[in-house]
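Quick note on labels: first sequence line is chain A, next is B, and so on, each numbered from 1. Note: hydrogens, waters and symmetry copies are ignored here, and every other heavy atom, side chains too, is used.
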Number of protein chains: 2
Amino acid sequence: MFVELDLQSEVPIYKQLADQLVEGIASGTLAPGQALPSVRTLAADLGINLHTVNKAYQSLKQEGFLEIHRKKGVIVQPGPLPTADETFKTRLRRDLRPLAAEALVRGMNEQELTELMQTLYRSIQNPPSEGGTSR
Amino acid sequence: MFVELDLQSEVPIYKQLADQLVEGIASGTLAPGQALPSVRTLAADLGINLHTVNKAYQSLKQEGFLEIHRKKGVIVQPGPLPTADETFKTRLRRDLRPLAAEALVRGMNEQELTELMQTLYRSIQNPPSEGGTSR
DNA sequence: TTTTTGTTATATTTATAGTATAACAGATAG
DNA sequence: CTATCTGTTATACTATAAATATAACAAAAA
């Protein structure tokens, strides 16, 4: 698994995990329908508790990014992914707001900030060489 | 005071307060050198505990956005504000990353996302008329 | 001197994060 | 059918953060 956790981070590890799975889906590293490790396997693999993995899986299932079946295990959403509806955009704006404000206060202009976002977006969409060559 | 808190929010209220003060500085609503209410006054004003206000003030002092003097009270940084150094940009990227990833997964393209950021930046820089009529 | 200021010190409550076990129930492979 | 692996649920415990509640201290200014 490509997941890397920082146990010292202030960011909860279940969120780090969930974030990296979303990023995997975003980049195509995780294909629709692809199976993910079981909660126990991944927990052992990452050296954390199975409930922590389960919490990440549950939140992504709740959002519609994963499907979870009994013995089938956990798979990446094979059908249509959730959309950028108004609910999401509202939350997105709320989360971006303090970041944009601090960037502004610190003297970043509009172009610097949007370009940073652009660069970030592209680096996620086309990650810098993930083990395998193509897809 | 223009601060509005959502006590039901998952965002800690000390952070809501700190964020809104930063936004005030960003927009110019809070001018350099301007005095802020005392921790007790603002706490009473907002209906929260003085330690919660103090925590917000301390974090902003730590970052360099505020100065705190004994009897003088708290004032907006009159000198040069902190800059967008690499430390900040690294943190900024780390915080933006999961938001950009989810936006991407939900089908927002690069332009939509950067435009949303642009709109946000501008609305902070030039806020849509503060409640009061004059000044 | 008195008041107001930030500051420090405790203490308590509540919620979240993370771990640790254990057990349950459905699906599948043997 | 049986054994195993799956997600799931339940409980319990520890640690930490957030928020509140009092109280007191020390510096600055009126």
Return a single string for nucleotides 22-30 of chain C, one symbol per nucleotide in 5' to 3' order, where B is base contact, S is sugar-phosphate-only contact and - is none, cutoff 4.0 angstrom on heavy atoms. -B-BSSS--
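- Here dA17(C) presents its C1' atom at 15 Å from CD of E10(B), a figure rounded to the nearest Å.
- Atom CD of Q111(B) has 12 or fewer neighbouring heavy atoms from other residues, nucleotides or ligands inside a 6.0 Å radius.
- Taking only side-chain nitrogens and oxygens, K55(A) never comes nearer than 4.0 Å to OP1 or OP2 of dG7(D).
- At whole-Å resolution of the value, CD1 in I68(B) and C1' in dA26(D) are 16 Å apart.
- Ion pairing of E112(A) with R106(A) is absent here, as no side-chain N (NZ or NE/NH1/NH2) approaches a carboxylate O to less than 4.0 Å.
- We find that CG of L7(A) is positioned 16 Å from P of dA17(C), with the value rounded to whole Å.
- A sub-4.0 Å separation between OP1 or OP2 of dT7(C) and a side-chain N or O of Q58(B) is present.
- The phosphate of dT4(C) (OP1 or OP2) has no side-chain N or O of S38(B) nearer than 4.0 angstrom.
- In this structure, NE2 of H69(B) is placed 15 Å from C1' of dA29(D), rounded to the nearest angstrom.
- The interatomic distance linking N49(B) (CG) with dA11(C) (C1') rounds to 13 Å, in whole Å.
- Using a 4.0 Å heavy-atom distance criterion, Y57(A) is classed as making no nucleic acid contact.
- Distances shorter than 4.0 Å separate none of the side-chain N or O atoms of N54(B) from OP1 or OP2 on dG6(C).
- A heavy-atom distance below 4.5 Å is not found between the side chains of L46(A) and I13(A).
- Residue order along DNA chain C, read from the 5' end via each residue's closest nucleotide, puts V74(B) first among V74(B) and I13(A).
- Of all the heavy atoms in A101(B) and I124(A), the pair that sits closest is N-CD1, 3.8 Å.
- Considering all non-hydrogen atoms of both residues, G64(B) and Q77(B) come closest at O-NE2, 3.1 Å.
- Spacing between atom CD of Q16(A) and atom C1' of dA17(C) amounts to 12 Å, rounded to whole angstrom units.
- The OG1 atom of T114(A) lies 9.5 Å from the OH atom of Y121(B); values are rounded to the nearest 0.5 Å.
- Among the heavy atoms of the strands, none lies under 4.0 Å from K15(A).
- Straight-line distance from the CD1 atom of I48(A) to the P atom of dA20(C): 11 Å, rounded to whole Å.
- The side chain of T52(B) places no N or O atom within less than 4.0 Å of a non-bridging phosphate oxygen (OP1 or OP2) of dA18(D).
- By the neighbour-count criterion of 12 heavy atoms within 6.0 Å, atom CD of E86(B) is densely surrounded, having more than that number from other residues, nucleotides or ligands.
- Atom CG of L66(A) is separated from atom C1' of dG7(D) by 13 Å (rounded to the nearest Å).
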